[in-house]
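Worksheet: one structure, shown below.
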Protein chains: 2
Amino acid sequence: MFPEERRQAIVDLVQRHGRVEVAALSQRFDVTGATIRADLQLLADQGVLVRTHGGAIPVGAGLHELSLVKRRQQHGVQKARIARASSALIEDGEAVFIDSSSTALAVVEHVRQRRDLTVVTNSLVVAQELLGQPNVTVVMPGGTLHHDTVSLIDVGGLAVLQRYHIAKGFFGAHGLTPADGLTDVSESEARVKRALVEMCRQVIAVVDATKWGRTGVASFARVQDVHKVITDVDAPIEMVQSVRDLGVEVALV
Amino acid sequence: MFPEERRQAIVDLVQRHGRVEVAALSQRFDVTGATIRADLQLLADQGVLVRTHGGAIPVGAGLHELSLVKRRQQHGVQKARIARASSALIEDGEAVFIDSSSTALAVVEHVRQRRDLTVVTNSLVVAQELLGQPNVTVVMPGGTLHHDTVSLIDVGGLAVLQRYHIAKGFFGAHGLTPADGLTDVSESEARVKRALVEMCRQVIAVVDATKWGRTGVASFARVQDVHKVITDVDAPIEMVQSVRDLGVEVALV
DNA sequence: ATTTACTTTCATTTGCTTTCATTATACAGC
DNA sequence: GCTGTATAATGAAAGCAAATGAAAGTAAAT
C-alpha cells in the first residue's frame with residue numbers, strides 16, 4: 001500500500017466514522033504510530049481533518065460559530081498588525097474586495113475611517129461588520145451560503161460584480177508556498193477566489209506566519225499573480241526570500 | 001473520547017438543554033469535575049457559553065439575539081401566528097423565498113423542523129438565522145447591501161437564481177390595498193421584489209392588520225399576482241372581502 | 001548513490017486526577 | 001430583614017501515564 005493510498009483511506013475513515021485514533025490506525029495499516037502521526041500532521045496541514053490528542057476528527061465537526069470565534073482569537077496580535085498595514089493601502093473612493101478569511105476580516109475594523117468606500121465581499125460577517133457604516137457601500141455576489149466559512153460560494157453569482165472596478169483585493173489563505181501559491185481547504189471555496197483574483201487589479205495576500213509552507217487541497221492563485229504579501233515578522237525568512245525572488249513585494253509587519 | 005469531542009458535546013448539550021451542571025457532565029463523560037471546569041473555562045473564554053456557579057448556560061450568538069428581540073417588539077403575537085400559518089404551507093424538499101420584512105422573517109423560526117429545504121433570501125438576517133441549520137440550504141442573490149433593511153437590492157444579482165425553481169415566495173409589504181396591491185417604501189426595494197414575484201410559482205403575502213389600506217411609494221405586485229394572503233383577524237373585513245372578490249385566498253389567523 | 005518510507009528511541013508535552021486552601025451559595029435561627 | 005454557619009464549588013498545584021515530535025537509524029526502491 002502506498003502512503004498516498006493510506007492517507008486517502010484515513011480521510012475516508014475520519015469522514016465516515018467521525019473520528020480516528022492513532023493506535024487503531026497504526027494497527028489497521030500495520031505501521032507504527034510515528035508514521036500515522038506524520039500522516040495526520042500532513043492531512044491536518046492540508047485542512048482535511050483536525051488533529052486531536054490521540055487521533056483526529058473531521059474538519060467542520062465543531063460549530064461554525066465556535067470556529068469563527070476561535071479563529072478570530074488566534075494570533076490576534078499579528079492579525080491586527082497585518083490588518084492595520086493592509087488598510088493603510090486602501091484609498092478613499094476605491095472599491096476593494098475583502099474575502100471571508102479571519103485575517104481579511106480584521107482588515108474591516110480599520111476601514112471605518114475611509115470615505116466613500118465600496119467593499120465587495122462574499123462574507124456575511126464582513127457585511128455585517130460594515131452595516132451601519134454610511135460611508136461604505138457593501139456589494140455581495142450571489143450564491144449558496146457555506147456554513148463553515150459563512151460565505152457565499154457560487155461563481156455564477158459573480159456576474160453582478162462585473163461592472164465594478166475593484167482596485168484591490170485582500171485575500172486570506174490556508175497556505176502559502178512559493179511553489180503552490182495561495183491555497184485553500186476546499187475546491188469550491190478556491191473556485192470563487194480564483195475568479196475574484198481575476199477581477200482585482202491588485203491582489204494582496206494577508207497571511208500570518210503560520211500559513212507559510214502549508215498547502216491546502218486547492219490553490220487559487222500563483223505567487224506571480226499576487227502583487228503584495230502582508231505577513232508578520234515570524235514568517236520563515238528563506239521562504240519569504242524565494243517569494244521576493246519571484247518579484248513579489250513582501251511586507252513584514 | 002477526545003477532549004475536542006467532549007467539548008463539542010458540552011456545547012451541544014448547553015444549547016439544547018439550556019443549562020449544564022459540572023457534576024452531571026463529569027458523570028456523563030466519566031472525568032472529574034476539574035476537567036469539566038477546565039472545559040467550561042475554555043468554552044467560556046471562547047464566548048460559546050456563560051459560566052455559572054455549578055455549571056453553565058448558553059449564550060445566544062450576537063446578532064441572532066438582537067434580531068430576535070427586535071422582532072418580538074411589535075405585534076409579536078400576530079406575527080407569530082401569521083408565521084406559523086405560513087410555515088405550514090412549506091413542504092419538505094421545496095425551495096422557498098423569504099423576503100427581508102420582519103413578518104416574513106418570523107417565518108424562519110418555523111422552518112427549522114423541515115427537511116432538505118432550500119431558502120432563497122436577500123435578507124442577511126434571514127441568512128444569519130438559518131446558519132447552522134444543516135438541513136437548510138441558503139441561497140442569496142447578489143447586490144448592494146441596503147443598510148436600513150439589511151438586504152441585498154440589485155436586480156442584476158438575481159441571475160444566479162434562474163436555475164432554482166422557487167415553489168413559494170413569502171413577501172412582507174409596507175402596504176396592501178385592493179387597488180394598489182402590495183407596496184413598499186422604496187423603489188429600489190420594490191424593483192427587486194417585482195422581479196422575485198415573477199420567479200415564484202406561488203406568491204404569498206404575509207401582512208399584519210396594520211398594513212391594510214396603506215400605500216407605499218412603489219408597488220411590487222398587483223393583488224391578482226398574489227395567490228394567498230395571510231393576515232390576522234383584525235384586518236378590515238370589507239377590504240378583505242374586495243381582495244377575495246378579486247379571486248385571492250385570504251387566511252385570517 | 002540517493003531518495004523515499006518507515007522504525008526506534010527519548011525527552012517533552014498533554015490530559016487528566018488528586019489534594020487542598022479559598023470562595024460562593026443556601027438556609028436556618030434570630 | 002440580617003447574620004453565621006454548613007455545604008458545595010472553585011482554582012491552583014502536584015503528580016502520573018499516555019501521546020507526541022524530533023532525531024537518528026534501517027531498509028527498500030530507483
Side-chain angles (χ1 to χ4, degrees), chain A residues 1-14 17-59 61-62 66-67 70 73-75 175 177-180 209-215 234-239, chain B residues 1-14 17-59:
Chain A
M1 174 175 243
F2 302 125
E4 265 313 309
E5 294 178 296
R6 189 182 55 235
R7 285 177 206 127
Q8 190 51 54
I10 292 175
V11 172
D12 282 351
L13 277 170
V14 76
H17 202 241
R19 67 193 307 265
V20 287
E21 283 172 38
V22 173
L25 290 174
S26 104
Q27 197 167 4
R28 178 185 241 269
F29 297 116
D30 199 30
V31 292
T32 59
T35 304
I36 295 297
R37 275 196 288 278
D39 286 344
L40 293 182
Q41 171 96 275
L42 190 80
L43 295 170
D45 280 349
Q46 290 182 354
V48 181
L49 47 74
V50 176
R51 194 72 168 75
T52 68
H53 213 81
I57 53 177
V59 66
L66 183 84
S67 62
K70 225 182 202 165
Q73 283 180 349
Q74 277 177 344
H75 314 292
T177 67
D180 302 312
T210 63
K211 309 295 165 55
W212 289 83
R214 208 153 68 165
T215 303
D234 297 333
I237 188 67
E238 68 284 353
M239 220 175 278
Chain B
M1 172 172 248
F2 303 131
E4 279 81 356
E5 293 179 299
R6 189 183 53 236
R7 287 178 204 128
Q8 188 52 51
I10 292 174
V11 173
D12 281 351
L13 278 170
V14 77
H17 202 242
R19 53 174 282 139
V20 287
E21 285 171 36
V22 172
L25 290 175
S26 104
Q27 195 168 4
R28 178 184 241 270
F29 297 118
D30 198 30
V31 293
T32 60
T35 303
I36 295 297
R37 275 195 288 279
D39 286 344
L40 293 182
Q41 173 95 277
L42 192 80
L43 294 170
D45 282 348
Q46 291 181 353
V48 181
L49 46 75
V50 176
R51 195 72 169 73
T52 66
H53 212 81
I57 53 173
V59 59

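Numbers restart at 1 for each chain; the letters A, B, ... are given by sequence-line order, proteins then strands. Heavy-atom basis, side chains included; hydrogens, waters and symmetry copies ignored.
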Pairs: protein N or O with nucleotides 16-20 of chain C N or O, under 3.5 Å:
unit_1 : atom_1 : unit_2 : atom_2 : d
C:dC16 : OP1    : B:R6   : NH1    : 2.7
C:dC16 : OP2    : B:R6   : NH2    : 2.8
C:dT17 : OP1    : B:T32  : N      : 3.3
C:dT17 : OP2    : B:T32  : N      : 2.7
C:dT17 : OP2    : B:T32  : OG1    : 2.9
C:dT17 : OP2    : B:T35  : OG1    : 2.5

To the nearest angstrom, the CG-P distance between B:L42 and D:dT10 comes to 16 Å

Name the atoms and distances for all side-chain donor-acceptor pairs under 3.5 Å in residues 29-36 of chain B, with sequence neighbours left out.
none

- Can you check whether B:R28 reaches B:L13 side chain to side chain, under 4.5 Å on heavy atoms? yes

Between A:E21 and B:F2, the two heavy atoms sitting closest are CG-CZ, 3.7 Å

### Message
By the 4.0 Å heavy-atom rule, please label A:T52 as base, sugar-phosphate, or nothing.
### Response
sugar-phosphate

Flag the pair A:I57 / B:E4 as yes when at least one side-chain heavy-atom distance between them is below 4.5 Å, and no otherwise.
yes

Note: A:G213 and A:M239 closest approach over all heavy atoms is N-SD, 3.4 Å

Residues passing the side chain to side chain contact (heavy atoms under 4.5 Å, CB included) test with B:Q41, sequence neighbours excluded, are B:D45

Of all heavy-atom pairs linking A:A209 and A:P236, the shortest is O-CD, 4.4 Å

note: B:Q41, atom CD; C:dG15, atom P; distance rounded to Å ~ 15 Å

Each nucleotide of nucleotides 25-30 of chain D classed B (base within 4.0 Å of a protein heavy atom), S (only sugar-phosphate) or -, in 5' to 3' order, makes ------

Between CG of A:L25 and P of D:dT20 the distance, given in whole Å, is 11 Å

- Is any side-chain heavy atom of A:T52 less than 4.5 Å from a side-chain heavy atom of B:M1? no

Polar atoms only, N or O, under 3.5 Å: list the protein pairs with nucleotides 21-27 of chain C and their distances.
none

Exercise for review: Let me see the working for A:L25 and A:D39 under side chain to side chain contact (heavy atoms under 4.5 Å, CB included), right down to the final yes or no.
Suggested key: CA-CA 10 Å; A:L25 290 174; A:D39 286 344; over 6 Å; no

* Asked: Any side-chain heavy atom of B:V11 sitting closer than 4.5 Å to one from B:R7?
  -> no

The helix from C:dA1-D:dT30 to C:dC30-D:dG1: angle between terminal helix axes, five bp per end, to the nearest 10 degrees, reads 30°

Shortest non-hydrogen pair, B:P58 vs B:R19, comes out as CD-N, 4.4 Å

Taking OP1 and OP2 of D:dT20, is either one under 4.0 Å from a side-chain nitrogen or oxygen of A:R51? yes

